[in-house]
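Here is the structure we will look at, set down as structure tokens.
Residue numbering restarts at 1 for every chain, and letters A, B, ... go by the order of the sequence lines.
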2 protein chains.
Amino acid sequence: MATDAIRAALIKRLRTSSGISDEDAGEIEALPIAVRHFPAEKPVVRDGERATDCCLIAEGFCARSKTIPNGKRQILSIHIPGEIPDLMSLFLHVMDHDLSTLTPATLGFISHDTLRSLHRRNPNVAEMFWRDTLVDAAMFREWIVNVGQRPAPARLAHVMVELRERLKLIGQIDGTSFDMPLTQEQIGEALGITAVHANRVIKQLRLEGIVELQRGRVTVLDDRKLLELADFDGRYLHQSPVL
Amino acid sequence: MATDAIRAALIKRLRTSSGISDEDAGEIEALPIAVRHFPAEKPVVRDGERATDCCLIAEGFCARSKTIPNGKRQILSIHIPGEIPDLMSLFLHVMDHDLSTLTPATLGFISHDTLRSLHRRNPNVAEMFWRDTLVDAAMFREWIVNVGQRPAPARLAHVMVELRERLKLIGQIDGTSFDMPLTQEQIGEALGITAVHANRVIKQLRLEGIVELQRGRVTVLDDRKLLELADFDGRYLHQSPVL
DNA sequence: CTGCGGTTCCAACAAAAGTTAAGGACGTTG
DNA sequence: CAACGTCCTTAACTTTTGTTGGAACCGCAG
């Protein structure tokens, strides 16, 4: 199994976001990783569970979500290869939300013990991972703004543009289209609207010639209109090297 | 100036959340802190600025927020004494949101350099602070759920209960009432609704005999009803000592 | 005390989003 | 290829929330 390819995705991401050194990259190369394959729509860790590993996405999409007692679900973030969506479990031992796959996925598990001892040995790496969790938090902040202040069509546009920007970094964009493997139900859960309303909004963006969305794939028809609608300022992604 | 009292609030919080040792507490006691007083409604750090210090709240309330181009503002979190609302600026150098006071406040500034060298010297403390930023992120996740999935009255109830739970830790509750120094405009900005609607919702909770809210002070009239409405599960606050 | 600015409060109306229900498209499986 | 399930689509109707505009209240400065 190409566990090297898995690490490569992570290192590539860290390199653009934190300016990792070759030496530190080496440390990460050496991390023992247990690879597992998951089908689509499978929980990886559940709310309330106590995690012992962190999971690096090698292939496929994942999402984090919370479900409230009345059964409603809110999607908190969408994750792509190279990301470690549950890095927070290293210090927040019991999960306060769910992590599950959206598509069939290949995940690499790294034990908390391994990560902790790497941190103690190499504070540079610790700070890089710390920074990673801070960017995660920055994305949550923007997600709050999205759900709290933008009208539904802008919310959808914003999520699309954010996802596109992140996919760009790992070269997963194909011309004007990219994967966004959510059902309309899930889009609703991400935007804080119902599936019926999500459908209305998707239809509207299609009729206005902004984006086409079918079977989990987005095709941008009018980039200018999309960006304007999305009200997107990517600073919160903190993608430029630390300085 | 009682800068000792300032540190005490922080250490108390870290003690309950992470189980800090006396030795590590000593390190924090020794941190050089520059105390400044702020009037109400004053920016502390602004979106886009490059921070060089972190700020510890000694007295008063602060809030973090983001403003989007159309002028709408979203409040992301409310902060109370003992918290370091901009700890994230240590590694995310340019701010992606605003931090400002809600009330007159006393803030203690600790330079990034000082904090970074403390981290290098003492990984325990680093991990504690890291954990602190992770709890911060956990609160954002719950805030997303609040704004995305709950009807407006439940949103208000939830914010109130969360604030109460956190004020409890620092002993700032007086019987059934506590401070929540937000105008109705700001409550709207926190809940993702308009000020007019915030007013409607506040009125409703008052008429239903759940809470009274006047001049920045909440008085709980029916605790059971409030908790039920708020749909509150405090696990996300991760208040119990580590594991 | 008087007037001022910022809140709070409210009503009437408009728009956005939720609910319910049902038909159609599509892919999978027996 | 028939049958089933999942997802998408739409319509009609209800509820929630936003908008506009204005009155009452309150603390404070002159």
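Note: A:F232 and A:H158 have tilted aromatic rings, judged against thresholds of 30 and 60 degrees for the angle between ring planes.
Using a distance-only test at 3.5 Å, with no hydrogens or angles considered, no donor-acceptor pair links the side chain of B:E83 to the main chain of B:L56. With hydrogens and angles ignored, the 3.5 Å screen pairs a side-chain donor or acceptor of B:D86 with a backbone N or O of B:C55. Judged by distance alone, the side chain of A:W143 and the main-chain N or O of A:V159 form no donor-acceptor pair under 3.5 Å.
Summary for the helix from C:dC1-D:dG30 to C:dG30-D:dC1: the axes at its two ends, each from 5 pairs, differ by 30° when rounded to the nearest 10 degrees.
Atom CD in A:Q184 sits roughly 12 Å away from atom C1' in C:dA25 (whole-Å rounding). Note: CD (A:Q214) to P (C:dC26) measures 10 Å, nearest angstrom. One can place CG of A:N199 at 18 Å from P of C:dA22, the figure rounded to the nearest angstrom.
Annotation: side chain to side chain donor-acceptor pair (under 3.5 Å) contacts of A:R217 (sequence neighbours excluded): A:S177, A:D179. Among residues two or more places apart in sequence or in another chain, the side chain to side chain donor-acceptor pair (under 3.5 Å) test is passed with B:S77 by B:R64, B:H79.
Counting 5' to 3', DNA chain D first comes under 4.0 angstrom of a heavy atom of chain B and last does so at the ends given by D:dT17 to D:dT20.
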Check nucleotides 16-21 of chain C against the protein and report each pair of N or O atoms closer than 3.5 Å, with its distance, or say if there are none.
from: C:dA17; atom 1: OP1; to: A:A152; atom 2: N; distance (Å): 3.4
from: C:dA17; atom 1: OP2; to: A:H197; atom 2: NE2; distance (Å): 2.9
from: C:dA17; atom 1: O5'; to: A:H197; atom 2: NE2; distance (Å): 3.3
from: C:dG18; atom 1: OP2; to: A:T194; atom 2: N; distance (Å): 3.0
from: C:dG18; atom 1: OP2; to: A:T194; atom 2: OG1; distance (Å): 3.3
from: C:dG18; atom 1: N7; to: A:R200; atom 2: NH2; distance (Å): 2.7
from: C:dG18; atom 1: O6; to: A:R200; atom 2: NH1; distance (Å): 3.4

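The side-chain heavy atoms of B:H37 and B:E59, taken from C-beta on, include no pair separated by under 4.5 Å.
The two residues B:R150 and B:D231 make their nearest non-hydrogen contact at NH1-OD2, 2.6 Å.
Applying the side-chain hydrogen bond (donor to acceptor under 3.5 Å, both in side chains) test to pairs two or more places apart or on separate chains, those with a residue in residues 190-201 of chain B are B:Q184-B:N199, B:H197-B:R200.
In this structure, A:E165 pairs ionically with A:K168, as a charged nitrogen and a carboxylate oxygen lie closer than 4.0 Å.
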